[in-house]
Protein chains: 2
Amino acid sequence: MNSLNEENYLKALLNLSLADGEVNVKDLSKHLNIKMPSVTSMMKKMAEKGWVHYESYKPLRLTEQGKKEAALIIRKHRLTEMFLVEKMGFRWDEVHDIAEQIEHVKAPEFFAKMDELLEFPKFDPHGSPIPDKNGTLVWATWVKLSECEPGDEVKIVAVTKSSEEFLKFLNSREIALGLEMTIISIEPFDKSMVVRYKNHEAETLSATVCERLLVSK
Amino acid sequence: MNSLNEENYLKALLNLSLADGEVNVKDLSKHLNIKMPSVTSMMKKMAEKGWVHYESYKPLRLTEQGKKEAALIIRKHRLTEMFLVEKMGFRWDEVHDIAEQIEHVKAPEFFAKMDELLEFPKFDPHGSPIPDKNGTLVWATWVKLSECEPGDEVKIVAVTKSSEEFLKFLNSREIALGLEMTIISIEPFDKSMVVRYKNHEAETLSATVCERLLVSK
DNA sequence: GTAAATAGTTAGACTAGACTAACAATTATT
DNA sequence: AATAATTGTTAGTCTAGTCTAACTATTTAC
Ligand SMILES: [Mn+2]
Ligand SMILES: [Mn+2]
Ligand SMILES: [Mn+2]
Ligand SMILES: [Mn+2]
């Protein structure tokens, strides 16, 4: 049985390894708010368990087993977020911290029931994909808003690095999943975008914001 | 912030102290499946925190503070059980172990929302009272079925010591909360009861069972 | 290519919470 | 009252998981 701490390390490892599958001790340490020596010793333990490939001074990599374990926790997290929003009436900016705790509940029936009541959702309230029961996680091939061109008509499909403050900012601008917008112009010097949607004729979005919005064209 | 372990001790203390408010180290140890020396040392720690009165070789007693903390956890447990049954479609014999985990979630909004969606229930699916937000717990003045007489017409209002096996036994006999039954006779030598209800003309219930069913007349 | 900066590891200490073995107090039995 | 059984405590050990201080390897800068 995996401990709560091990589960948090697994999740962090998967979240940080989306690019090339490699994770630095430093980044993991920062992400978990745990000092580097503690991280090193946990990595040795998790290597014993067959969840990470660990070699001194080399970057960390999850094993296939480790990826699967991690994805199954993320599955519980995202199903919970979806349940909280769809069945309990929470807003998308309220659910992360609650799900952060409930994801550690050991009761397959509980998550199976959520899944069923939600009719087997594929995405969470922030547009992130929900891994399937086997721990298979497919990231859809969305593109960042920041990579689009003036004139493009796009639809918001997901939000990355969705902190509570960021989600509240989006709420305040009436930006939500499914929203369609047109890119009017891009400011060359700071890469901010001016966009049009609904009754917002010319809203300016900073590069930071555009980096975190995923869209389909 | 109270740790998960402390919370389990608190709950056990309250559950075991319903009679005179006193709890033995032995009983607590057995209930929690933790050896006596570990219990003693935790009691010293909890005495420091102001949750129990502890004196060497004397029975344990919760302080007012301790009772309140304990009741608030039991509140979360019972609200959760009710939510699982009423809003998620679990049976009453399936919910205890799940609630046992969710009761430790630190997110007042989450339990407040359950409470609201359930329209502020006063009892859990087993008929046990749900403590209020201030940690006040009132046990209704129900009477045990075992204390009733032949000829009495009673209604089942709660189930105590409701293990999964016991609840499944009740399911198999179609006994549920709200059921009305008439006591036909009591076998003098083993105190078993013969009762009539619904289409059950003469069902025999052992003394063990009758001890655990609470009724109103 | 050496020096400085950064990243990672080792060693050793600490806390929470468990355990066993040995001992002490209390309660029950004769 | 003396003895036996039961209950509770003390002392010391262990594991998981964290930390700081000191050291080492790797990377970056000149
Ligand atoms: Mn989340
Ligand atoms: Mn999410
Ligand atoms: Mn219960
Ligand atoms: Mn209950």
Side-chain angles (χ1 to χ4, degrees), chain A residues 1-13 15-17 19-63 66 69-70 73 100-101 103-106, chain B residues 1-13 15-17 19-62 66 69-70 73 100-101 103-104 106:
Chain A
M1 184 85 334
N2 352 2
S3 75
L4 184 147
N5 288 310
E6 289 168 345
E7 293 192 349
N8 284 333
Y9 275 96
L10 281 171
K11 230 176 29 138
L13 280 162
N15 283 331
L16 292 175
S17 68
D20 54 354
E22 300 197 336
V23 182
N24 299 323
V25 174
K26 188 84 191 297
D27 295 343
L28 188 51
S29 163
K30 198 169 282 180
H31 189 86
L32 288 168
N33 233 312
I34 288 172
K35 295 291 180 294
M36 289 174 54
S38 310
V39 170
T40 297
S41 80
M42 184 59 113
M43 286 308 99
K44 288 177 174 171
K45 185 180 147 201
M46 286 176 60
E48 292 289 308
K49 287 201 153 193
W51 289 341
V52 289
H53 297 291
Y54 174 81
E55 283 181 88
S56 283
Y57 296 101
K58 297 259 175 72
L60 307 163
R61 277 176 309 108
L62 282 170
T63 62
E69 296 286 344
I73 299 157
E100 204 67 31
Q101 298 179 66
E103 69 192 5
H104 302 292
V105 166
K106 266 85 181 171
Chain B
M1 185 87 329
N2 352 3
S3 77
L4 184 146
N5 289 308
E6 290 167 345
E7 292 192 349
N8 283 334
Y9 275 94
L10 279 173
K11 232 176 28 136
L13 280 162
N15 283 331
L16 292 175
S17 67
D20 54 354
E22 301 198 332
V23 182
N24 300 322
V25 173
K26 187 85 191 299
D27 295 343
L28 188 52
S29 164
K30 198 170 282 177
H31 189 84
L32 288 169
N33 232 314
I34 289 172
K35 296 289 180 293
M36 288 175 54
S38 310
V39 170
T40 297
S41 81
M42 185 58 114
M43 286 308 101
K44 287 175 175 174
K45 185 180 148 201
M46 287 175 60
E48 292 289 307
K49 286 200 154 196
W51 290 340
V52 288
H53 296 291
Y54 174 80
E55 282 181 88
S56 283
Y57 296 102
K58 296 258 175 73
L60 307 163
R61 277 175 310 109
L62 283 169
E69 296 287 343
I73 299 157
E100 204 67 30
Q101 297 179 66
E103 70 192 4
H104 301 291
K106 266 89 180 165

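By convention in this document, chain letters (A, B, ...) are assigned in the order of the sequence lines, proteins followed by strands, and residues within each chain are numbered from 1.
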Undergrad: Could you please name the option among C:dA18, D:dT9, D:dC19 that lies closest to any side-chain atom of B:N5?
TA: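 From the listed options, C:dA18 comes nearest.
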
Undergrad: Ignoring the backbone of A:K44, work out which of C:dA25, C:dT10, C:dT20 is nearest its side chain.
TA: C:dT10

Undergrad: Would you mind telling me which of C:dA18, C:dT9, D:dT9 lies closest to the side-chain atoms of A:Y54?
TA: C:dT9

Undergrad: Between the side chains of A:E100 and A:K11, is the shortest nitrogen-to-carboxylate-oxygen separation below 4.0 Å, so that they form an ion pair?
TA: yes

Undergrad: Under 4.0 angstrom, heavy atoms only, what part of the nucleic acid is B:S41 near: base, sugar-phosphate, or nothing?
TA: nothing

Undergrad: Calculate the interatomic distance between B:K30 atom NZ and D:dG8 atom P; express it in whole Å.
TA: 11 Å

Undergrad: What nucleotide, of C:dA18, D:dA25, D:dG8, holds the atom closest to the side chain of B:M42?
TA: C:dA18

Undergrad: From the set D:dC19, D:dG8, D:dT26, return the single nucleotide nearest to any side-chain atom of B:M36.
TA: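 When the side chain of B:M36 is considered, D:dG8 is the closest of D:dC19, D:dG8, D:dT26.
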
Undergrad: Between D:dA21, D:dG8, C:dA18, which one does the side chain of A:P37 approach most closely?
TA: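 The listed nucleotide nearest to A:P37's side chain is D:dA21.
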
Undergrad: In whole Å, what is the span from the CD atom of A:E48 to the C1' atom of D:dT15?
TA: 15 Å

Undergrad: Rounded to whole angstrom units, what separation is found between the CG atom of A:L60 and the C1' atom of C:dA7?
TA: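 Rounded to the whole Å, the gap is 12 Å.
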
Undergrad: Given B:N8 and B:H104, is the side chain to side chain donor-acceptor pair (under 3.5 Å) satisfied, shown in steps?
TA: CA-CA 9 Å; B:N8 283 334; B:H104 301 291; 3.1 Å; yes

Undergrad: Between A:S29 and A:V25 (side chain of the first, backbone of the second, donor and acceptor by atom type, cut-off under 3.5 Å), is there such a pair?
TA: no

Undergrad: Is it true that B:K58 and B:E22 make a salt bridge, defined as a side-chain N closer than 4.0 Å to a carboxylate O?
TA: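 Looking at B:E22 together with B:K58, the answer is no, because their closest N to O distance does not fall below 4.0 Å.
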
Undergrad: In whole Å, what is the span from the CD1 atom of A:I34 to the C1' atom of C:dT15?
TA: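 Computing the A:I34:CD1 to C:dT15:C1' distance gives 15 Å.
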
Undergrad: Taking only the side-chain heavy atoms of B:K26 (C-beta and beyond), determine which of C:dA7, C:dT9, D:dG8 contains the nearest atom.
TA: D:dG8

Undergrad: Looking at C:dA18, D:dT18, D:dT26, which one has an atom nearest to any side-chain atom of B:Y9?
TA: C:dA18

Undergrad: Phosphate oxygens OP1/OP2 of D:dT18: is one of them under 4.0 Å from a side-chain N or O of A:K35?
TA: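 For A:K35, the contact criterion (side-chain N or O under 4.0 Å from OP1 or OP2 of D:dT18) is not met.
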
Undergrad: Would B:R61 and B:E55 pass as an ion pair if we require N to O under 4.0 Å?
TA: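 No.
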
Undergrad: Considering only side-chain heavy atoms of A:S38, which listed nucleotide, D:dT10, D:dC19, C:dA25, is closest?
TA: D:dC19

